[in-house]
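One is the number of the first residue; the rest follow in order along the sequence.
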Amino acid sequence: MRRSFPRATQGATAWAAVDQKHDGWEAVTPWVFALTLLLFSLDPSAAVAAPLSADMIVSVPDQVLALVDRGKLIARYSISTSKFGTGDSASSYHTPLGTLFVSAKVGDRLPAGAVIKNRIPTGEMVGADAPGRDAIVSRVIWLRGMEAQNQKARDRCIYIHGTPEERRIGNPASFGCIRMRSRDIIDLYDRVHIGTHVTITLRRIDNFVKPEEPSLLARSD
């Protein structure tokens, strides 16, 4: 018999099927399951986590990443996509278009500005707009493509990540990845989940967000 329950992994929480016989587990009793849910509800990041139905929308023309839940805007951040344009050719330095998903997260509890190389923290710290530095910092959200037009994204190491070159945020400046300010990538990282869908598009963010309905208390005159 196999059951699925949460198991911590580096940089993420994943759902893993555990073979009870091979791992020596007894049957998961209801109180154990309830205790597991309680422990996860005490996770400090749970209070800011986005709904599981939320998607990330990356607008290349707007240079904006928005977290959207069924048309409702949850959060909005300025970003930088590739300065070489869009596409998915190998060694092209393009930002891929289409639907992708979060396949891994790296950087739990790292301080802002912590350098990450090959998805491993180096122990070095780089301040915002440090001269001559173009490192990956703070957090990494690794994307995997779901369509033919972005199938190389994971092998190309297309990330959403922090950058020390914060002065360039809001303009295309990357080598294919989606760059964010450290404070923004840390906030986003705590909101999204493994499996969260990411749409990278040439359309405007407003096309994905429903207009807010007027309040019943709003004046009509």
Side-chain angles (χ1 to χ4, degrees), residues 6-16 36 39-52 54-58 63-67 74-82 93 95-96 100-145 153-171 173-198 200:
R7 180 176 64 187
T9 60
Q10 181 179 5
T13 298
W15 285 89
T36 301
L39 290 174
F40 272 78
S41 71
L42 296 177
D43 184 342
S45 65
V48 297
L52 288 173
D55 295 328
M56 283 188 273
I57 309 296
V58 176
Q63 291 294 289
V64 164
L65 184 155
L67 196 57
I74 305 298
R76 180 185 179 114
Y77 314 91
S78 293
I79 59 162
S80 287
T81 57
S82 174
Y93 301 117
T95 296
L100 306 91
F101 70 94
V102 175
S103 64
K105 296 169 63 182
V106 178
D108 282 7
R109 295 179 291 279
L110 287 178
V115 175
I116 302 170
K117 187 173 183 179
N118 297 324
R119 298 176 296 282
I120 299 173
T122 67
E124 184 186 7
M125 300 288 296
V126 176
D129 294 318
R133 296 306 307 270
D134 187 17
I136 292 172
V137 299
S138 304
R139 300 288 189 276
V140 166
I141 298 174
W142 195 359
L143 304 183
R144 182 190 289 272
R154 183 174 171 86
D155 290 341
R156 292 176 57 214
C157 295
I158 297 299
Y159 304 147
I160 304 172
H161 67 80
T163 177
E165 292 195 320
E166 296 193 357
R167 66 189 180 280
R168 300 184 185 275
I169 294 294
N171 297 289
S174 82
F175 291 85
C177 291
I178 297 159
R179 298 181 177 185
M180 301 180 70
R181 296 181 177 93
S182 285
R183 68 171 185 269
D184 290 343
I185 186 63
I186 291 171
D187 183 72
L188 177 68
Y189 184 98
D190 289 340
R191 291 175 181 267
V192 301
H193 315 273
I194 302 298
T196 297
H197 283 190
V198 182
I200 305 177

Would you check, one step at a time, whether the test side chain to side chain contact (heavy atoms under 4.5 Å, CB included) holds for Asp134 with Arg179? CA-CA 11 Å; Asp134 187 17; Arg179 298 181 177 185; 3.1 Å; yes
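- Between Arg191 and Ile74 there is a side-chain heavy-atom pair separated by less than 4.5 Å.
- The structure places OG of Ser80 at 11.5 Å from CZ of Phe175, a figure rounded to the nearest 0.5 Å.
- Taking OG of Ser138 as the reference point, atom CD1 of Ile186 lies at 4.5 Å (rounded to 0.5 Å).
- Remark: side-chain polar atoms of Lys105 are paired, donor with acceptor, to backbone N or O of Tyr189 under 3.5 angstrom.
- With sequence neighbours left out, Thr95 forms a side-chain hydrogen bond (donor to acceptor under 3.5 Å, both in side chains) with no residue at all.
- Ile136 contributes atom CD1, which lies 11.0 Å from atom OG1 of Thr122 (distance to the nearest 0.5 angstrom).
- Listed here is the closest heavy atom pair of Arg76 and Val64: CG-CG1, 3.6 Å.
- Taking CG from Leu52 and OG1 from Thr196, the interatomic distance works out to 7.5 Å, rounded to the nearest 0.5 Å.
- One distance of note links CD1 of Ile141 with CD1 of Ile185; it measures 4.0 Å at 0.5 Å rounding.
- Contact between Ala54 and Ala50 at its shortest, heavy atoms only, is CB-CB, 4.0 Å.
- Across Val126 and Pro164, no two heavy atoms sit closer than the pair CG1-CB, 3.7 Å.
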List the steps, then state whether side chain to side chain contact (heavy atoms under 4.5 Å, CB included) holds for Val102 with His193. CA-CA 7 Å; Val102 175; His193 315 273; over 6 Å; no
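- A donor-acceptor contact closer than 3.5 angstrom is absent between the side chains of Tyr77 and Arg181.
- Side-chain N/O atoms of Gln63 and Thr81 include a donor and acceptor closer than 3.5 Å.
- Side-chain N or O atoms of Ser182 include none that pairs as donor or acceptor with a backbone N or O of Gly162 at under 3.5 Å.
- Taking Arg133 as the reference, Glu124 meet the salt bridge (Lys or Arg N to Asp or Glu O under 4.0 Å) condition, with sequence neighbours excluded.
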Apply side chain to side chain contact (heavy atoms under 4.5 Å, CB included) to the pair Met56 and Val192, showing each step before the final yes or no. CA-CA 9 Å; Met56 283 188 273; Val192 301; 4.0 Å; yes
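- Every residue two or more places apart in sequence or in another chain was checked for a salt bridge (Lys or Arg N to Asp or Glu O under 4.0 Å) with Glu166, and none qualifies.
- Distance CD1/Ile158 to CG/Leu100: 9.0 Å, rounded to 0.5 Å.
- The 12-atom threshold is not exceeded at OH of Tyr93, counting heavy atoms of other residues, nucleotides or ligands nearer than 6.0 Å.
- Closest of all the heavy-atom pairs between Gly176 and Ser82 is N-CB, 3.6 Å.
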